[in-house]
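Working notes, structure below.
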Amino acid sequence: MAKKQTAQPQNLPSEDEAKFVEDLADKDDFSAWYHDIVRKAELADDSPVRGCMVIRPYGYALWEAVQRGLDMRIKATGHENLYMPLFIPMSFFEREAEHVEGFAPELAVVTVGGNEKLTEPLAVRPTSEAIFGHFYAKWVQSYRDLPLLYNQWANVVRWEKRTRPFLRTSEFLWQEGHTAHRTEEDAEQETLKILHEVYADFVEKELAIPLLRGQKSDSERFAGALRTYCIEAMMGDGKALQAGTSHNLGQNFAKAFNIQFLDEDGQRKLVWTTSWGASSRLIGALIMTHGDQYGLRLPPKVAPIQVVVVPIWRKEAERVIVQEAVDSLLQELTAAGVRAKSDWREQTPGYKFNDWEMRGVPIRLEIGPKDIEKNQVIMARRDNRAKAGIARETVLSELNRTLEEIQQNLFNQALDFRKSRTYQAANFTELSEKFADREKLGFVETWWCGSADCEAEIKAKLQATIRCLPFEKSVKAKSGTCVYCGKPADKWAIFAKAY
RNA sequence: CGGGGCGUAGCGCAGUCUGGCUAGCGCGCAUGCUUUGGGAGCAUGAGGUCCCCAGUUCGAAUCUGGGCGCCCCGACCA
C-alpha cells in the first residue's frame, strides 16, 4: 500500500505521531483512507444529490493543473477547442446501435421543460459522439475539410450505481476530443498520438504516475468503437485505474450520422472518426498513487502550492523580524516563478506542519529567530519527510533542485511499487493465488487466447478483468498457453481488479 | 439492483434494549488571557425540526408501521 512507501519520519515524538495518524493509518481500509483525505485536504464535499460532488477550491486547483497540462498538449498536437450543447435529442443518440445500448442504462433524460412535457426527450450527454457526428456531417463536404481536430472541455452525466469522489461520480468533468479523418490510417495514427503524446506524456511527466499503455479487450472496448486504447495505472492498494482512453471509431459513427466527403478521386466516402477522453478521475489517481498515512503527496509540477513558508516566533519583537525575513523570501520565490505561500494563521507551528502535509504541499520552509541568526531556513520535504537547514543564499537553487527531485522520486516510488506488485501466472491456479491476498493485490501478466468466454469466466470467479493488452510485453515469447483454457494463446494480457 | 450497517449540534459519537425532569460527550467554532521549533492550556459562550410522516401512551430520541437518505460489500461503468 502507498503508505508503506514513506520513509520513517524523523525527529518526532512517537506518541504525538501516533495520535495524529490514527485516522489515516488504518491500512486495511483503503476506501476509508481515501474518503478521509478527500475530506480533510478539502478537495471535495458531498452534494445533496446522490452521486454528485462539490469540488472545493483546492481540489479544483488540481483540476485546473490537469486542464492546463492536457490542454497545452491537445493544442500542441493541432487540435482546437469548441463547445457542444449539454442536451442531445434521444433520436440522435439512438442512431448507433451499440453506442445506445452501451449507454442506455446510465442515461439521464429530460422529459419536461418549462412545465410542459417535451415532444422529444433530451438525453443529458454521457459523452458527445452523437452530437459531434451530427455536426460533422454538416461541416465535412470535401477531403479538403479533413481532418477535423476538435476537443471540448465539458461536464457529462452518467447515472452510476455506485459512486466515489473523483473516481466515479454521476456528473464529472472531462475533456473529450472528437476527430474526423480521410483514411483509416490517419484515424489510427490520431488515436495513438493522443494516447502517447497527450495522455501518457502528461500523466507520467506531470502527475508522476507510471503507466501501462495498451489496447482494451473487446469486452472493455468503448461502445461503438473499432478499437479502444488506454493508459492504466496501479493505485496504492494494487487495484488498476483507467486514466485515459482513446478510441478508433472506424466508420461506425460516420455511417450512423452519414458523415461523407467527396474525395480527390471524385468518390463519395465516409470519414473515419476518433474520440478520446480524460476526466477529473485523474485527481483520484493522483491521490491514490502518491498519498500516504499523512495525507496527500503532490508532484511539484501540479501542486497548487509548491512551497509553504511557516513562520515561527514567540514575542512580538521576534514576529517583526521573522515577518521581514519571510516577506523577502516569499518575494524572491514568487519572482522566480515558484508557487509559494506563507502561513500566518493563529495556529501553532505543529498544527500548520500537519495541515500542509495533509494537503500534500511538496516543500515546507520554516523560519524562526534561530534560523535568522544562523542565516538559514529549515526545509522539509513532503515526499520523504526529511528535514534540514539550508543556507539562506542557496534557498532558491536548493528549492528548484529539490522540487525536481521530489517530482522524480514520486514517480520512482510509484514505479517501484508497481513492479513489486506485478506478477505472472502460467495457469488459472496461479492466477487465482495472485488475487487471493488482499494485501498483495496487483497486476498479473499472462497469456490469453482471446476468447471472451475465458475472460468472462475469470471475471466471474476472481473479479479480475483484463485491463489491457500492453504494447510492450515483458516476455520475449510470441505465444504461450491461455491462462484459463490452456489452448494456444498469443495475447499477453494484464489482469487486475479495477476501479 | 441484491446483502449488511447507520441516521441525535459543523464533524465523530453516547443515550434507544428496559419510554420519564432542562438530551449529553469529544473535536471544531466565538471571545479573552497565557501560549507558539511536530496537531497548546485555562476560562466563558454560541450552536439541536434527536431523518420524515403517522400511530401507541399522561408522556416518545427511545415502542409500532410506513417512507426517505447515507455508508460498506457484490453485479454495471471514465
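Note on naming: letters A, B, ... go to the chains in the order of the sequence lines (proteins, then strands), and numbering restarts at 1 for each one.
- Heavy-atom distances to RNA chain B give each of A:F166 and A:T163 a nearest nucleotide, and the one nearer the 5′ end belongs to A:T163.
- Shown here are the side chain to side chain contact (heavy atoms under 4.5 Å, CB included) partners of A:K341, two or more places apart in sequence or in another chain: A:I305, A:W356.
- The partner of B:G45 is B:C29, judged by Watson-Crick or G-U wobble contacts that both fall below 3.5 Å.
- Nucleotide B:C63: paired with B:G55 (Watson-Crick or G-U wobble, both distances less than 3.5 Å).
- For A:F92, the ring-ring contact (aromatic ring centres under 6.0 Å, His included) partners are A:H134, not counting sequence neighbours.
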Any N/O pairs under 3.5 Å between the protein and nucleotides 47-52 of chain B? List them or say none.
none

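- Counting to the nearest Å, the P atom of B:C72 and the CZ atom of A:F30 are 14 Å from each other.
- Within a heavy-atom distance below 4.0 Å of RNA chain B, no residue of residues 200-227 of chain A is found.
- Residues of residues 456-463 of chain A that place a heavy atom closer than 4.0 Å to RNA chain B, in numerical order, are A:K459, A:Q463.
- A:D371 comes within 4.0 angstrom of a base, heavy atoms only.
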Distance-only donor-acceptor pairs under 3.5 Å for side chains of residues 322-330 of chain A, two or more places apart:
from	atom 1	to	atom 2	distance (Å)
A:Q323	OE1	A:R319	NH1	2.5
A:S328	OG	A:A325	O	3.3

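- Each of A:F172 and A:D46 was assigned the nucleotide of RNA chain B with the nearest heavy atom; the assignment lying further toward the 5' end belongs to A:D46.
- Rounded to whole Å, atom P of B:G37 lies 16 Å from atom NZ of A:K374.
- Comparing the C1' positions of B:G24 and B:U8 gives a spacing of 10 Å, expressed to the nearest Å.
- Following rounding to the nearest Å, A:K497 (NZ) and B:A75 (C1') show an atom-to-atom distance of 14 Å.
- With C1' as the reference atom, B:A9 and B:C51 are 15 Å apart, rounded to whole Å.
- With C1' as the reference atom, B:A43 and B:U35 are 15 Å apart, rounded to whole Å.
- Within residues 55-67 of chain A, no residue has a heavy atom under 4.0 Å from RNA chain B.
- Remark: the backbone N or O of A:L70 is not paired with any side-chain donor or acceptor of A:K75 at under 3.5 angstrom.
- For A:W313, the ring-ring contact (aromatic ring centres under 6.0 Å, His included) partners two or more places apart in sequence, or in a different chain, are A:W344.
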Check: residues 225-232 of chain A side-chain donor-acceptor pairs under 3.5 Å, at least two apart:
from	atom 1	to	atom 2	distance (Å)
A:R227	NE	A:E188	OE1	3.3
A:R227	NE	A:Y229	OH	3.3
A:R227	NH2	A:E188	OE1	3.0
A:T228	OG1	A:F222	N	3.0
A:T228	OG1	A:H247	ND1	2.8
A:Y229	OH	A:E188	OE2	2.3
A:E232	OE1	A:R467	NE	3.4
A:E232	OE2	A:K216	NZ	2.7

Dump the intermediate steps for side-chain contact (heavy atoms from CB on, under 4.5 Å) on A:T179 and A:T273, then the final yes or no.
-> CA-CA 5 Å; A:T179 66; A:T273 64; 5.9 Å; no

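- Residues that satisfy the ring-ring contact (aromatic ring centres under 6.0 Å, His included) test with A:F172, not counting sequence neighbours, are A:W174.
- Across all strands shown, nothing is found opposite B:C50 as a Watson-Crick or G-U wobble partner with both distances under 3.5 Å.
- Near RNA chain B, meaning a heavy atom under 4.0 Å away, the residues from residues 303-322 of chain A are A:I312, A:W313, A:R314.
- B:G67 and B:G2 have their P atoms separated by 13 Å, with the value rounded to a whole Å.
- The partner of B:C1 is B:G74, judged by Watson-Crick or G-U wobble contacts that both fall below 3.5 Å.
- For the C1' atoms, the distance linking B:U56 with B:A60 amounts to 10 Å, nearest Å.
- At the phosphate of B:U36, neither OP1 nor OP2 sits under 4.0 Å from any side-chain N or O atom of A:T348.
- Cation-pi geometry between A:R364 and A:F353 is met: under 6.0 angstrom from the ring centre, within 45 degrees of the axis.
- Of the candidate nucleotides B:G38, B:A75, B:C72, B:G38 has the atom lying nearest to any side-chain atom of A:F353.
- The same atom, P, is picked in B:U36 and in B:G41; the two are 13 Å apart, to the nearest Å.
- Base-pair partner of B:G69: B:C6 (Watson-Crick or G-U wobble, both distances under 3.5 Å).
- A distance of 11.0 Å separates CD of A:E373 from CG of A:N375, quoted to the nearest 0.5 Å.
- Between A:H290 and A:F411, the gap from one ring centroid to the other reaches at least 6.0 Å.
- Across every strand in view, B:G19 sits unpaired, with no contact that passes the Watson-Crick or G-U test at under 3.5 angstrom.
- A:R364 comes within 4.0 angstrom of a base, heavy atoms only.
- The gap from the C1' atom of B:A23 to that of B:A61 amounts to 8 Å, rounded to the nearest Å.
- At a threshold of 4.0 angstrom between heavy atoms, the contacts of A:L241 with the nucleic acid are absent.
- Counting only residues at least two apart or on different chains, the side chain to side chain donor-acceptor pair (under 3.5 Å) pairs with a member in residues 98-111 of chain A are A:E98-A:R221.
- Using P as the reference atom, B:G47 and B:G74 are 44 Å apart when rounded to the nearest Å.
- For the residue pair A:Q152/A:S128, the side-chain donor-acceptor check at 3.5 Å is satisfied.
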